[in-house]
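Proteins come first, then strands; the chains are lettered A, B, ... in the order of their sequence lines, and each starts at number 1.
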Number of protein chains: 2
Amino acid sequence: MHRGLRRDALRNQQRILAAAREVFGEYGADAAMEEIASRAGVGVGTVYRRFASKDALIDELLRLALSDLLADADLALARTDGFGLHELLGAFGRSFGEHARYANLLLQRQPDAAAELAIRAAITELTRRAVAAGTVSQDITVADVTALASALRGLIHGGGEVTARTWQRFLDLHLAGMGSPPARR
Amino acid sequence: MHRGLRRDALRNQQRILAAAREVFGEYGADAAMEEIASRAGVGVGTVYRRFASKDALIDELLRLALSDLLADADLALARTDGFGLHELLGAFGRSFGEHARYANLLLQRQPDAAAELAIRAAITELTRRAVAAGTVSQDITVADVTALASALRGLIHGGGEVTARTWQRFLDLHLAGMGSPPARR
DNA sequence: GCGGTAGCGGAATCGTCATTCCGCTTACGG
DNA sequence: CCGTAAGCGGAATGACGATTCCGCTACCGC
């Protein structure tokens, strides 16, 4: 008996995920499963053996993306200098940029509740620390930070190409407005 | 002969537009024409007599929204105190909020080129004036402003409900980061 | 009121997918 | 090497939804 998938099946699974990112990035939710399959070099049947449905495939992409983000959140929480919040926001920017092409798709489904909760908790804790350390103004709240995160997402996933330099500049300006010292980061 | 539409036809057209806003807001691009028709109290045939296709219907919604925004841009350009830029950004927020439910749909098509050009021109001119008047820092560029507009859009159209208070607070914080005097508006 | 045309409704048509099914292949433990 | 179950491909099925078509209706000008 096997423990996991046969080697070829595992390879195909990876190819399918990569093709799905590509195709969803190009066509959004309207992407056809046939297109994903052919782009991955397999038949549709193979896609369906691995992922129960189109929705399940999208959910898996979301799960993978959130998993990366959670790792970043842990890194930010490890900092003790009051700039963990700044780091987390930077991680958001990076993640949004990475998944930019198909991100709008992911955002339309409710994420894994546990992951979302963990991220919210990280934001709350890091905001508390930043206020305490004086790395943002006293009057900054969690709501301000989530609004910023949401706006950052909108900026990056919005219309055209947004370079890292663009969103970093945006983030810097906003953090300045939040009372962050110039020597942040 | 008639100059325009028959009175009942005109009424139906308005109902269709209203229903379309409603239904597109609920289901996004996947909204069914049948649903729009029944919500408007007419048959699908009637919808198609007025709008050549689903795309044409969406385009008309976009055209109407842009038309409002252009009027706001003109108002902002009429100011001479250097705060026209602030006013335009506020108008963006208002407009985004107004069309929030179905806005994502509109944003996925390329807007009327002329309207887009006019808005870009207004942003450019108002940014120039704001820098000259010192109502934002010297180093603020048009790119910074368009990024802010894009982010504002993302904030409002993103996930859940965003009240006017929320996006105004966001805008204030960002403008502060841009060096706007506290007594803005 | 009347005639005629602009309008109307909604069944029928045509395509486009998601998903299923099953006979054929291939990896791999022994 | 072999047997066999895991995998595979892709045609077939079923829904759904945009768009068309045409016989019927109700405004509008006179």
- Message: Pairing donors with acceptors under 3.5 angstrom, does anything connect the side chains of A:Thr124 and A:Thr127?
- Response: no
- Message: Just N and O in the side chain of B:Asn12: are any of them under 4.0 Å from OP1 or OP2 of C:dG7?
- Response: no
- Message: Tell me if the aromatic rings of A:His99 and A:Phe96 count as close, with their centers under 6.0 Å from one another.
- Response: no
- Note on the structure: Quick note, A:Ala9 side chain, CB onward, closest among C:dG10, D:dG7, C:dG7 is D:dG7
- Item | Check: A:His86/A:Ser180 side-chain N/O donor and acceptor closer than 3.5 Å | yes
- Query: In whole angstrom, what separates A:Leu10's CG from D:dA6's C1'?
  - Reply: 14 Å
- Item | NZ/NE/NH1/NH2 to OD/OE distance under 4.0 Å, A:Glu161 and A:Arg101 | yes
- The salt bridge (charged side-chain N to carboxylate O under 4.0 Å, His left out) partners of B:Arg11 (sequence neighbours excluded) come to none
- Item | Whole-Å distance separating the CZ atom of A:Arg7 from the C1' atom of D:dA5 | 17 Å
- Message: Could you tell me how far apart A:Ile16 (CD1) and D:dG7 (P) are, to the nearest whole angstrom?
- Response: 12 Å
- Query: So, is B:Arg50 near the phosphate of C:dC8, with a side-chain N or O under 4.0 Å from OP1 or OP2?
  - Reply: yes
- Students should find that the end-to-end axis angle of the helix from C:dG1-D:dC30 to C:dG30-D:dC1, with five pairs defining each axis and rounding to 10 degrees, is 30°
- For residues 143-157 of chain A, which residue pairs qualify under salt bridge (charged side-chain N to carboxylate O under 4.0 Å, His left out), counting only residues two or more places apart or in two chains? A:Asp144-B:Arg169
- Item | Between C:dT19 (P) and A:Ile36 (CD1): distance, integer Å | 11 Å
- OP1 or OP2 of C:dA6 under 4.0 Å from side-chain N/O of B:Arg49: no
- Item | d(CZ, A:Arg15; C1', D:dC8) in whole Å | 13 Å
- Query: In whole Å, what is the span from the CZ atom of A:Arg11 to the P atom of C:dT26?
  - Reply: 12 Å
- Task: Report whether A:Tyr27 and B:Leu107 are members of the same hydrophobic cluster (ILVMFWY, side-chain heavy atoms less than 4.5 Å apart, transitive linking).
- Result: no
- Applying salt bridge (charged side-chain N to carboxylate O under 4.0 Å, His left out), which residue pairs with at least one partner in residues 24-37 of chain B are found, sequence neighbours left out? B:Glu26-B:Arg39, B:Glu35-B:Arg39
- Note on the structure: The side chain to side chain contact (heavy atoms under 4.5 Å, CB included) partners of A:Arg129 (sequence neighbours excluded) come to A:Leu77, A:Glu125, A:Leu126
- Message: Need to verify one output field. Residue with the more 5' nearest nucleotide on DNA chain D, B:Asp8 or B:Val44?
- Response: B:Val44
N/O-N/O pairs, protein side and nucleotides 16-18 of chain D side, under 3.5 Å:
from, atom 1, to, atom 2, distance (Å)
D:dA18, OP1, B:Ala31, O, 3.1
D:dA18, OP1, B:Lys54, NZ, 2.7
D:dA18, OP2, B:Met33, N, 2.7

- Message: Rounded to whole Å, please give me the gap between CG in A:Asp55 and P in C:dC17.
- Response: 16 Å
- Query: Looking at B:Thr46, does any N or O in its side chain come under 4.0 Å of the phosphate oxygens OP1/OP2 on C:dG7?
  - Reply: no
- Message: Just N and O in the side chain of A:Arg6: are any of them under 4.0 Å from OP1 or OP2 of C:dT26?
- Response: no
